[in-house]
Every structure is written in structure tokens, then in C-alpha cells.
Peer 1: 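Dropping the structure in here first, questions after.
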Protein chains: 2
Amino acid sequence: MTAVWQCQGVTSTSTAGAVRQGSLRELNLAVVLRRIAAADRPPSRAELAAATGLTRATVSAVVDDLIAGRLVAEADPAPRSGAGRPARGLVLAADGPAGLGLEINVDYLAACVVDLTGTVRHHLVRRADLRPVSPADALARLAALAAEARAAAVRDGLTLAGAALAVPGLVGEGGRVRLAPNLGWRDVDVPALLADRPLVEPVAGIPPLLVENEANLAALGELHAGPPGPASFLHVSGEIGIGAGIVLDGALYRGARGWSGEIGHIPVDPRGRPCRCGGQGCLERYAGQEAILAAAGLAGADLPADTAAARLADLAGAGDPATLAALADAGTALGVAVAGVVNLLDLDTVVLGGGYAPLAPWLRPPVVAEVSRRVLTAAWSPVTVRPAALGAQSAAVGGAASMVRRIVDQPVGWLARPG
Amino acid sequence: MTAVWQCQGVTSTSTAGAVRQGSLRELNLAVVLRRIAAADRPPSRAELAAATGLTRATVSAVVDDLIAGRLVAEADPAPRSGAGRPARGLVLAADGPAGLGLEINVDYLAACVVDLTGTVRHHLVRRADLRPVSPADALARLAALAAEARAAAVRDGLTLAGAALAVPGLVGEGGRVRLAPNLGWRDVDVPALLADRPLVEPVAGIPPLLVENEANLAALGELHAGPPGPASFLHVSGEIGIGAGIVLDGALYRGARGWSGEIGHIPVDPRGRPCRCGGQGCLERYAGQEAILAAAGLAGADLPADTAAARLADLAGAGDPATLAALADAGTALGVAVAGVVNLLDLDTVVLGGGYAPLAPWLRPPVVAEVSRRVLTAAWSPVTVRPAALGAQSAAVGGAASMVRRIVDQPVGWLARPG
DNA sequence: GTCATTTAATTCAACCGTTGAACAAATTGG
DNA sequence: CCAATTTGTTCAACGGTTGAATTAAATGAC
């Protein structure tokens with residue numbers, strides 16, 4: 001399947017999978033680094049040799065390269081029991097490369113910096129209504145925010161090695177935003193508009209800018225925040241539309257053209273309300289934010305997305321009957337659609353993110369009820385429905401984390417840099 | 001994502017992705033063989049070197065190993081225009097390993113042999129009503145049929161190097177058939193019941209028997225019958241239940257427990273007809289074979305699956321109004337569900353297979369209508385809805401083809417065999 | 001018919017990076 | 001104090017790729 005980091009930007013000059021002499025060391029650098037990243041406590045060279053099947057001599061040489069390249073650092077040896085030379089633990093370096101996550105949404109801009117260890121080192125948010133703003137202006141403001149984040153990273157001794165931009169819409173080939181209805185954007189060539197503002201240092205094999213749908217990057221954020229290993233889950237976020245990030249076996253599934261995740265147009269009532277897609281009875285007409293607001297008696301309030309969600313959460317928390325009923329109905333419709341997806345894709349986890357995260361306490365019970373009822377295997381193997389682990393702007397964090405992940409998965413580009 | 005060949009059986013003693021000295025040649029054998037398999041005309045060593053990035057010396061050595069191992073053969077050099085040494089084309093050997101595809105269904109057993117080139121060399125079908133038969137007896141009969149196919153393969157100079165068994169149900173860990181309602185099977189340990197009947201020659205890295213859901217193997221059959229390269233599509237087959245094989249980027253997607261593809265329980269009318277899954281309004285109640293038969297006035301006819309499909313096709317071909325209306329309604333319901341899946345997974349092809357293949361002329365128009373109406377991107381990027389390319393017993397052919405694919409993807413196991 | 005030219009395939013010494021074994025370092029525990 | 005144990009480093013050897021040289025097999029000009 002096409003993973004997010006293959007969708008666009010710099011394509012590696014692949015030799016079609018052939019393993020050349022130089023590939024040996026390249027691949028083993030990645031294998032060892034990945035092991036260090038995934039370990040739940042700092043592994044030693046001997047442990048890495050046992051885990052990978054390489055000899056201690058080879059692991060020692062590979063680790064030397066990783067330390068020299070500031071991707072790995074040695075921890076103090078832990079006291080041991082029994083005879084034997086104490087082992088030096090190895091950890092990801094906290095002062096090497098970092099990823100830059102950016103987000104443009106209807107009412108805010110965000111920039112965050114995530115280091116190799118996954119730690120969010122800086123997170124800058126600017127409130128602004130971006131709907132009346134042209135794409136060029138919006139991106140200019142974003143670049144300014146990115147420059148602030150970059151300066152803060154440099155002060156920390158970090159080097160920004162890749163940027164990801166989350167947008168609320170469909171992203172096509174080459175990072176072009178085909179359609180972002182909430183921003184009023186259509187066919188915006190984002191990389192071209194940012195071309196004269198370098199955001200990060202150039203690193204071979206890492207695209208300088210990755211543009212991706214926000215639901216997809218939020219899902220990546222949840223993936224990277226979770227335990228290591230191949231996870232599969234559906235990350236659902238509800239704004240006007242309802243988007244899903246689909247993570248299968250530890251990788252984001254984007255689809256043939258990068259337009260996967262349109263859960264909002266799964267019909268939950270084939271003869272129901274007409275939808276803007278041309279169909280009728282689509283999920284977003286029942287569980288989209290506009291639908292919930294209308295059912296709660298808040299139609300026409302013209303609230304930005306996360307303000308609307310907060311408002312609904314406040315009302316629900318206060319026990320407003322109309323809001324509670326609206327959320328229950330929305331949860332039921334969402335549950336019907338989600339159950340179909342779980343049956344289809346054999347998933348065991350559903351994450352309520354984005355605009356749904358603050359509403360999760362009220363959405364979750366009816367979703368769980370429909371899922372338990374409709375998923376064939378639910379009796380044997382329950383499906384977990386949980387709110388997102390990441391908080392606000394999880395798309396920006398997810399984006400930064402996925403850029404950092406590319407360094408871990410393919411360290412030679414970084415190691416080849418001068419200095 | 002977990003590809004079909006990773007689901008069960010022998011697990012390779014992987015060194016967690018580390019590339020050892022011996023891995024170089026192993027991987028390059030696979031790369032070169034894959035290139036030869038994918039080429040649309042026999043490539044030369046020089047062309048393989050250009051395509052893979054390896055030197056001509058290396059390709060020559062690798063090809064020597066593949067020829068010696070009977071995986072590759074040289075074609076006569078084509079006449080060339082202009083000066084220069086004529087190139088020797090290379091092809092997959094038609095007298096080396098082959099895959100054995102088996103199928104148990106309600107009213108027949110099948111065994112087929114597919115060679116490295118993808119050619120079906122033998123295809124044996126036995127009609128029998130297997131519902132009153134115990135699993136042990138059914139598998140004994142299948143083993144006898146497999147032995148016939150094996151004898152025929154041996155006469156051709158082929159060596160059966162792996163078997164795949166298609167069953168109409170859910171398959172769990174280790175090839176255990178958890179549930180096959182149409183056969184009346186529950187928790188049948190198929191590999192154990194066949195353990196004392198070796199079906200194929202042992203080859204390192206290839207499980208002797210792979211048990212898989214029939215929809216999944218049929219989808220693999222369509223995948224391998226299509227052009228090389230990462231295809232994505234939904235293969236839908238309708239018997240009593242409705243199953244889907246989901247192929248994403250050239251690999252079958254099985255899901256966390258191997259139970260993906262349950263499209264039959266996507267609700268198309270959430271307040272509609274009660275379903276045996278506990279939900280209501282599920283697709284199979286509208287487009288499953290029983291539903292179509294009932295709507296056509298054939299309820300209770302107690303026909304086997306493919307006979308029922310043939311009967312419906314006959315009636316529709318004769319213009320029977322009730323049958324035509326039933327198929328139109330079923331097509332509409334199927335279209336609603338399929339449109340949701342296409343939106344969710346961003347697919348561009350839907351294949352009507354299994355019991356739907358003979359009914360495709362009548363099911364396709366309403367499916368196309370709903371898909372065109374409900375898929376967001378249909379105006380820009382039309383979705384292809386087509387009948388399955390493979391004919392009868394596509395699951396057996398798909399199974400055999402996927403075993404052969406494993407040899408191509410990992411030839412060292414075969415090459416290490418004595419002789 | 002001969003030979004220059006061109007392209008494919010093979011051979012070869014050199015190199016890269018892994019390898020198994022030997023050795024050095026750093027402890028614990030008797 | 002020293003044997004035993006475990007980790008980390010060093011080393012000559014090896015497997016397999018490599019770039020260049022050589023051989024093979026044609027075409028086409030003369």
C-alpha cells in the first residue's frame with residue numbers, strides 16, 4: 001500500500017528493490033535505528049545484535065555511524081547484577097534532526113516541532129479567521145509562524161529536516177490542494193506558493209514539504225503516539241464533513257489518488273436527506289457538525305469548527321436535552337457507518353478525533369452500541385472505541401512525527417549531510 | 001499490511017529486516033526473477049541490469065543461478081537490426097515449480113495446477129453435495145482429487161511447491177476454519193485433518209498448505225490475471241452472504257484477524273429488514289442470493305449457489321419481469337454499499353465475481369448508476385465496474401497463482417532444494 | 001569476403017561490508 | 001586477588017558486487 005511518505009515530493013532514485021553493495025550498510029543503519037526507536041528501554045549493542053541477527057562487530061560499526069551522525073546517543077550504563085561488563089544503553093538523540101508540523105485550518109494556524117524521540121519541543125498556534133484570506137496570504141502567514149518555530153528549534157540545537165502541512169481538504173499529486181471547501185480553496189499549488197520560503201534544511205530522501213489531508217495526519221499522530229508495531233485503526237473526525245484516517249498495519253492508507261477516508265458519504269439512510277455530493281442519506285447529513293448543531297437548535301450560529309465542538313460539549317455537559325438528543329442521534333448514525341467499516345476492514349479500534357474528540361463522552365455510547373450490535377465478530381473480539389490520545393492540533397503533531405519517522409526509516413540521507 | 005502469504009503457516013526465520021551478507025544474493029535473485037515475471041516481453045541480461053541498477057556481471061551471475069534452478073529459461077535471441085551481439089531473452093520456466101489451488105464449496109470440489117508463467121495446466125472439478133458430508137470426509141475426497149492433479153503435474157515435469165485451499169467462510173489462525181455456515185462447518189482444523197496426506201513437495205519458506213477465504217483467493221486470482229503493478233480493487237461475490245476481497249496496492253488486505261471483506265453487513269437501510277448478524281438493513285438482506293431469489297419468486301427452491309446464479313441468469317435473459325426487477329433492486333442496494341466503500345478506500349475498480357459474475361449484465365447498470373451518483377470523485381475519475389476476468393472456480397486459480405507468486409518473490413527456498 | 005562498429009555477455013582483480021573468532025575491558029562474587 | 005562472565009572492539013577472511021577489460025556475435029559498409 002502507498003504509505004504517506006511516498007505520496008508526493010522527492011522520489012528516491014530507487015533501483016527497483018535491488019540490493020547493491022552500498023545498500024547493505026544503508027539498510028542496516030535503518031534496521032538498527034528502528035530497533036532503538038522501538039525499544040521500551042535503551043538497548044545495548046549486544047542486545048541489538050541478538051535482536052537483528054547481525055554480529056556484534058557489525059552492530060558496533062553501525063552504531064558508531066549513528067552516534068557520529070547525531071541520531072543516537074549513549075546512555076550511562078545501568079548497574080548490573082552478576083558478573084560481566086556493564087552494557088551501554090543507546091537512545092535516540094534529542095538534539096539531532098526534528099520534524100516541523102504545520103496546519104492551516106478555518107480559524108487557526110499551527111506550527112510544531114517534534115524531535116527524534118517523539119517529544120513535542122515547540123507548539124505555536126495563531127488564531128485567525130482564514131476564510132476571507134487568499135491562499136497566498138494564508139501561506140505567507142504560515143511561513144512566518146514556521147520561521148518562528150524554526151528559530152526556536154535552532155536555539156535548542158535541533159535541525160529541522162522535513163515539514164508536513166495539514167490542510168482540511170483533498171490533496172492531489174505534488175501537494176496541490178484540489179479542494180478545501182471550508183477554506184474556500186480550489187486547486188491551490190501550495191509547494192509553489194511556498195517555494196521561495198525554505199522552511200527546513202535540505203536532506204536527501206526527505207521531501208522539504210509534504211502536504212496532506214488533516215484527517216490523515218491526525219491518524220498518523222495517533223499511530224506514532226501509540227505503542228510500536230503494526231496497528232490498524234480508523235480515526236474519525238467530524239467537522240462540516242466527516243473524514244477518516246485509515247491506518248492499516250502500521251501505515252496510513254491513502255488510496256489510489258490520495259482521497260481515501262471519505263466516510264461522510266457512506267449512506268446511513270438511502271432515502272434520507274439530500275447531500276451535497278449528489279447522493280442522499282449520507283452520514284455527514286446526520287453526524288456532521290452542521291447536522292448536530294441544527295438538531296441542537298444552533299443552526300446558523302456560524303461558529304468556527306472547534307468553537308462549535310466546544311460549545312456543543314458545554315451544552316451537553318450542562319445537560320441540555322436538545323444537545324444530548326442531537327449527539328445521541330449523531331452517535332447512532334456514526335455507529336451504523338463505523339460498524340460497516342469495521343466489518344469491511346476487520347479493524348479492532350476506532351478513534352474519535354478532530355471535532356469528535358471533545359464530544360467523545362456523548363458520542364461513544366451510541367457508537368459502541370451500534371458496533372456491538374452490527375459487527376459480526378464483536379462478541380468474540382470487542383472493538384475499542386476511544387477518544388484521540390493527542391489533543392488539539394493533532395494533525396500538526398502527526399505531520400511532524402511522520403517527518404521524523406522518515407529519518408528513522410531512512411537515515412542515510414541525514415548521515416550524508418556535511419558537518 | 002499483512003499480505004495473504006503472511007497470515008499463517010511457516011514463518012520465515014526473519015532477522016527483523018537486517019541485511020546479512022547472504023541476504024544480498026537472496027534479495028537480488030528475487031528482484032531479477034520478479035522483473036522477468038513482470039516483463040511484457042523476454043528481457044535480456046543487459047536490460048535487467050539497466051532496470052535494476054545492478055551491474056551486468058551481477059545480473060549474469062544471478063541469472064546463472066536462476067537457470068540452474070529451473071526457474072528461468074533462455075529464449076532464442078530475437079533478430080536484431082543494426083550491429084551488435086543479439087540478446088538472449090529470458091522467460092519464466094514452464095517446467096519448474098507450480099502451485100496447487102484447491103477449493104471446497106457447497107456443491108463441488110476443485111483442484112487446479114498453475115505454473116510459474118501463470119498458465120492453468122490442469123483444472124479438475126468434481127460435483128458433489130458436500131453439506132451432509134463431515135469435514136473429515138470432504139477433506140479426504142479433496143485430497144484424492146489433489147493427488148490426481150499432482151500426478152498430472154508430475155507427468156508434465158512440474159513440481160508442486162505449495163497448495164492453497166479456498167473455503168466459503170472465516171479462516172483464523174493456523175488455517176482453522178472458524179465458521180463456514182454454508183458447509184455447516186465450525187472450528188475445523190483443516191491442516192490437522194490433511195496432515196497425513198502431503199499434497200505438495202516441501203519447499204523452505206513456502207507453507208505446505210494455506211487455507212483462505214474464497215473471496216480473498218478469488219480477488220488474488222483477479223489480481224494475478226491483471227497487468228503487473230500495484231492494483232487496487234474491490235472484488236465482490238454474492239452467495240447467501242456477500243463477501244469482498246479487498247486488494248490494496250497489489251496485495252490482499254486481510255485485516256487484523258483475517259476477517260476483512262464483510263461487505264454484506266454494511267447497512268443500506270438502518271431501519272430495514274432484520275439480519276442474522278443482529279443488525280438490520282444489511283446489504284445481504286437486499287442483494288444476497290436468498291434475497292434475490294425471494295424477490296424473483298424463487299424462495300425455497302433450495303438451489304446450490306452457482307446453480308441458483310445460473311437459473312437467475314437464464315430467467316433474466318428470458319426477460320422475466322420479476323427476476324429483472326429483483327436484480328435491479330439488488331444492484332441498487334449493492335451500488336449504495338459499494339459507493340460507500342469506494343469513497344472510503346478511494347478505489348477505482350469494482351469487480352463483480354463469484355455468484356455475481358453471471359449476473360453482471362443486470363447488476364452492473366444500477367451499480368454504476370449509484371456509484372456515479374454517490375462517489376465524490378466519480379465525475380473526475382470514473383470508477384470501473386466490471387465482471388470478473390476469471391471464470392469458474394477463480395478461487396482455486398487465485399490460490400494456485402498466489403503460491404506460485406511466493407516462489408517468485410522468495411526463490412531461495414526453491415533453489416536450496418536438492419537436485 | 002573482409003573488417004570496422006556496435007551491443008551483449010563473460011571474466012577478473014579490487015573493493016565494501018559482514019563475519020566468526022580472538023582479544024580487551026569492566027564488572028561481580030567467591 | 002582472581003576466576004568467571006558479559007560487553008565491546010579488533011582482525012583476517014569471506015561473499016558478493018563492482019568497474020573495467022575481454023570475448024562473443026551480430027550488422028553493414030566497402
Side-chain angles (χ1 to χ4, degrees), chain A residues 15-32 36 41-68 72-90 411-412 415-416, chain B residues 15-32 36 41-68 72-90 411-412 415-416:
Chain A
T15 53
V19 187
R20 313 201 58 180
Q21 190 64 44
S23 307
L24 267 175
R25 179 51 64 95
E26 267 192 48
L27 288 164
N28 285 335
L29 284 163
V31 163
V32 168
I36 295 172
R41 53 161 190 77
S44 66
R45 292 163 176 81
E47 285 168 336
L48 289 167
T52 60
L54 294 167
T55 63
R56 290 195 305 244
T58 299
V59 171
S60 188
V62 167
V63 165
D64 281 350
D65 285 352
L66 293 171
I67 291 177
V72 156
E74 283 185 312
D76 287 329
R80 62 172 302 131
S81 62
R85 181 175 171 174
R88 296 300 297 265
L90 299 161
V412 288
L415 291 172
Chain B
T15 52
V19 187
R20 313 200 58 180
Q21 191 64 42
S23 307
L24 268 175
R25 181 51 63 96
E26 268 192 46
L27 288 162
N28 286 335
L29 284 163
V31 163
V32 169
I36 295 171
R41 55 162 189 77
S44 65
R45 291 164 176 82
E47 284 168 336
L48 288 167
T52 60
L54 295 167
T55 63
R56 282 176 316 188
T58 301
V59 171
S60 189
V62 168
V63 165
D64 282 351
D65 285 350
L66 293 171
I67 291 175
V72 156
E74 283 183 311
D76 288 329
R80 61 173 301 134
S81 61
R85 181 173 171 173
R88 298 299 298 266
L90 299 160
V412 288
L415 291 172

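Quantities reported herein were computed from a predicted structural model and do not represent experimental measurements.
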Peer 1: Whole-Å distance between dG16(D) C1' and E26(B) CD?
Peer 2: 13 Å
Peer 1: Expressed as a whole number of angstroms, how long is the span from L54(B):CG to dT17(D):C1'?
Peer 2: 8 Å
Peer 1: Can you check the L27(A) CG to dT17(D) P distance for me, whole Å?
Peer 2: 14 Å
Peer 1: Taking CZ from R25(B) and C1' from dG16(D), how many angstroms apart are they, rounded to a whole number?
Peer 2: 6 Å
Peer 1: Which comes earlier along DNA chain C counting from the 5' end, the contact point of T58(A) or that of G82(A), where each point is its nearest nucleotide?
Peer 2: T58(A)
Peer 1: Kindly give the heavy-atom pair with the smallest separation between N28(A) and V62(A), and that separation in Å.
Peer 2: O-CG1, 3.9 Å
Peer 1: Salt bridge check, R20(B) against E26(B): does any charged N sit closer than 4.0 Å to a carboxylate O?
Peer 2: no
Peer 1: Just by distance, do the side chain of R88(A) and the backbone of A75(A) share a donor-acceptor pair under 3.5 Å?
Peer 2: yes
Peer 1: Grab the CG-P distance between L29(B) and dG15(D) for me, whole Å please.
Peer 2: 16 Å
Peer 1: Counting only side-chain nitrogens and oxygens, does N28(B) get under 4.0 Å of the OP1 or OP2 atom of dG16(D)?
Peer 2: no
Peer 1: So how far is it from L66(B) CG to E74(B) CD, rounded to the nearest 0.5 Å?
Peer 2: 11.5 Å
Peer 1: Extract, from 5' to 3' on DNA chain C, the first and final nucleotides lying under 4.0 angstrom from some heavy atom of chain A.
Peer 2: dC16(C) to dG29(C)
Peer 1: Which heavy atom of P86(B) sits nearest a heavy atom of A78(B), and at what distance?
Peer 2: CB-O, 4.3 Å
Peer 1: Please find the pair of heavy atoms, one from V59(A) and one from A49(A), that lie closest to each other, and give the distance.
Peer 2: CG2-CA, 3.7 Å
Peer 1: Decide yes or no for V19(A) and L54(B): does some side-chain heavy atom of the first lie under 4.5 Å from some side-chain heavy atom of the second?
Peer 2: no
Peer 1: Tell me if a side-chain donor or acceptor on R80(B) pairs with a main-chain N or O of A83(B) at a distance below 3.5 Å.
Peer 2: yes
Peer 1: A18(A) and T52(B): which non-hydrogen atoms are nearest, and at how many Å?
Peer 2: CB-O, 3.3 Å
Peer 1: Summarise protein proximity over nucleotides 4-10 of chain D in one line of letters, 5' to 3': B for base, S for sugar-phosphate only, - for none, counting protein heavy atoms closer than 4.0 Å.
Peer 2: BBBBBBB
Peer 1: Would you kindly give the CG-to-C1' distance between D76(B) and dA25(D), to the nearest whole Å?
Peer 2: 15 Å
